[in-house]
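A quick write-up on the structure given underneath.
Side chains included, hydrogens not; waters and symmetry mates left out as well; all remaining heavy atoms used. Here is the naming used below: chain letters follow the sequence lines, and residue numbers restart at 1 for every chain.
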Protein chains: 2
Amino acid sequence: MPDLSSRQVSQLPPLQAIRVFDAVARHLSFTKAASELAMTQAAVSYQIKVLEERVGAPLFLRRPRQIVLTEAGQRLAPAVGEAFAILGQAYAAARAGADGLLCVTTVLTFASNWLAHRLGSFQIAHPSLAVRLETSSRMTDFAREDVDLAIRSGGGKWPGLEAHKLLDADFTPMLSPKLAASIGGVNEPADLLRLPILDPGDIWWTEWFSAAGVHSHDLARRPGSSMGAQAYEANAAIAGHGVAILTRALFKAELADGRLIQPFDLVGDDGHAYWLVYPEARRNVPKIRAFRDWLLAEIAC
Amino acid sequence: MPDLSSRQVSQLPPLQAIRVFDAVARHLSFTKAASELAMTQAAVSYQIKVLEERVGAPLFLRRPRQIVLTEAGQRLAPAVGEAFAILGQAYAAARAGADGLLCVTTVLTFASNWLAHRLGSFQIAHPSLAVRLETSSRMTDFAREDVDLAIRSGGGKWPGLEAHKLLDADFTPMLSPKLAASIGGVNEPADLLRLPILDPGDIWWTEWFSAAGVHSHDLARRPGSSMGAQAYEANAAIAGHGVAILTRALFKAELADGRLIQPFDLVGDDGHAYWLVYPEARRNVPKIRAFRDWLLAEIAC
DNA sequence: ATGACCCATAAGGAGGCTTTATGCCGGACC
DNA sequence: GGTCCGGCATAAAGCCTCCTTATGGGTCAT
C-alpha cells in the first residue's frame, strides 16, 4: 500500500518563495506584489530568484513594461493559487471555529446551582458563541482535554493557569424546615447529631462541629453517602433526608424560598474557593476573555 | 466584481509552521514528524506552539503515549494535506516540465547546415527531452525570452553568459563548379570579380580580397543581396547565381559532394566564431548540461 | 534628452528557526 | 514500587534565511 504517512520533503518548494510567487503571478508585477505582501520590491525579486533556482527554470520573462509567466510559471501558478486558497480558507475556518465554540468544564455543584440559571444571559450577549458545558469531578488538564475554561474548587494556585476567585467555599449546615421541626426545631449545634448527617465523612463537618464546640468524633463512623458533590447532598437535604453542610452562595435561592434553612450563623471556611481557570497563554483569546469578563461581572452582582 | 488579484495576507498562516503541522498531523507524533522533516523534536514543538498561538486554539492534545488532534486540528489537517498535495504535485510537475522541454535558438546557418543533421542523435540519447528549435537573427536575451540555450556568432564575451566556442567563423569564397566552368575556371582571386558576388557588402569580402592582394574597392557599389545569412547565400551559390563567402566548417558536405567548390586555400578569419551560450546561473541544470555536453562532443568529432 | 517606472544586485542587519541540553511526566517492566 | 524508557516542553545560544536600504541599468514617455 502507498505510504500515505510520509511526504518527500524535497518535493516541497520553499514556501515563503511560493507565497511571493503567488502574489507576483496574480499581479504580474514585482512591485505590486511587494506592496500586497508589505515588503520591498527587492525582497520579492530575491524570493523569485530563489524559487527559479529551485525549480530550475525561469518563471517570469522580464519584459520592459511588465513581466509575463514562462511556460514553467504558467504550469505552476494555477496550482499555487488553488493551494493557497484552500489553505487560507481552512486557516480562517479554524480560527473562526476556534472562536465559535466555547468549551467549559465545571464541578457539578457550580454548574447546577449557579451557572445554569445565568448562562442564558451569556448566550444572549454572545449569540455567535456556542457553549459546550461539561461537568466533571476530575481536575481538567488543559493539555489533555479540549477545553477552554474550567471552574474548579481549590486553593487558587495552579502552575501555568490564570485563576479568578468566584466564590468562597464556605460551609454551614442546612436542612429542610420540616426535618428541623421533626425534632422540635434545631436550636443548638448538638441538635444536629440527632439527625442523619449527609456525607458525614466530609472534613467540613469535622471542622464545623469543632468550631461550634461540639464533640463529634463519632461522625466518621456514621453511615453516610460521601457523594462528594454538594448538589446531590442539597437535594437530599431538601427532600428531608438529613442535614447537609453546604456553601451559602450556591444555595441562595433555596435559602430564600425556604426549601432549606441555615440554622446557625456560624460559617466555616477552610480557605478553599471556586475558581475560574484557563491557560495563562490564552488569556487574550477573544472567547475566553468574553466568558471571563461576563462571569466576573455576574459574580459581582 | 470581486478583487481576485489580492489576497489578505493576514489570512495566511505561518507557512513553515503549517508544513510542520502537516507532518505532525500525519504521524500523530512530534518525534516522527521531526525525523521526516529532518529537524529536531524541539523545533517541531516550537513550530506547533507558534501555530497554536496564531490559530488561537490548541491543535493537539498531549496524551501520555500519543497526541491526538483537537477539534480545531481536525478541521485544519485535511485541508492542509490537500493544499500541500496540490503544491507538491505542481512543483514536481514544474520541475519535471522544466527538465522535459529544451528550447534552443540558433542562427539560421548553423541550424540548417550543422545542427539539423545531428540533432537526431541527441534525441536518441535523451528520449525524455523534447527539443524546440528556433532560428532567429536577433541576439536572444535570456531574461526576455523563454529559451534555455542559444547558438550565436560573435566574440565570445557576453556578461552573465557562459560561452563555448563551436566553430571558428572563418571565411573563403565558394561557388558551384558549373559557374566556375562558365568563365573557364577560377584560377586566381581576381577572377572572382568577373562573377556576381553574393552579398558584396559583407565585410568578409573586403577582408578576404585584401588578404588576397586584390583591389576590390568597387565591391560595395555592386548590386547584391546582403541577405546576411550564410544558408541563403550558400543556396544561391549552389544554384549558380554567384560566389558566396562562407565558413568552411558549415559546408563540409557541399564541398565534399561537389555542389560547392573552394577555389583557393586562402581563408580569412576575423576572430569571430559560433558559440553556444546560456546563463551562467543555469550551468548545472540537467537538460542544459546534457545538450552542452552532447554538442561539444559532436563538435569534437 | 530627461524623467519615471520597473526590476536586479550588493551589502548589511534583525529575527525567526534550529540545535543543544535538560526537565518533566506517565507508563512499563521487572 | 522503584527504575527505565519514550515522548513532549522549555531555555539558551547560534546560525542563517530573509528583509531592508541603497544603487544601478534599461526602457518607455514626455
Exercise for the section: Check every atom of D:dC18, C:dA21, D:dT20 against the side chain of A:Tyr46 and return the nucleotide holding the closest atom. Expected result: D:dC18

Practice task
Using a 4.0 Å heavy-atom cut-off across all strands, classify A:Thr40 as base, sugar-phosphate, or nothing.
Solution key: base

Exercise for the section: Using a heavy-atom cut-off of under 4.0 Å over every strand shown, decide if B:Thr31 touches base, sugar-phosphate, or nothing. Expected result: sugar-phosphate

Exercise for the section: Could you please name the option among C:dT19, D:dT10, D:dC28 that lies closest to any side-chain atom of B:Ala43? Expected result: C:dT19

Exercise for the section: Please state whether the phosphate of C:dT9, meaning OP1 or OP2, lies under 4.0 angstrom from any side-chain nitrogen or oxygen of A:Lys49. Expected result: yes

Exercise for the section: Kindly say if B:Arg62 contacts the phosphate of D:dA9, meaning a side-chain N or O under 4.0 Å from OP1 or OP2. Expected result: yes

Handout entry: Short side-chain N/O contact to D:dC19 OP1/OP2 from A:Gln47, under 4.0 Å
Key = yes

Fill in the blank from the handout: Of A:Val44 and B:Asp141, the one whose closest nucleotide on DNA chain D sits nearer the 5' end is A:Val44

Practice task
Give one of base, sugar-phosphate or nothing for A:Gln16, where a contact means two heavy atoms less than 4.0 Å apart.
Solution key: sugar-phosphate

Practice task
Flag the pair A:Phe60 / A:Phe21 as yes when their ring centroid distance falls below 6.0 Å, and as no otherwise.
Solution key: yes

Exercise for the section: Could you please name the option among D:dT21, D:dC19, D:dT10 that lies closest to any side-chain atom of A:Ala42? Expected result: D:dT21

Practice task
Answer yes or no: is there a side-chain heavy-atom contact under 4.5 Å between B:Phe30 and B:Arg62?
Solution key: yes

Fill in the blank from the handout: Among D:dC28, D:dC8, D:dC18, the one nearest any side-chain atom of B:Gln41 is D:dC8

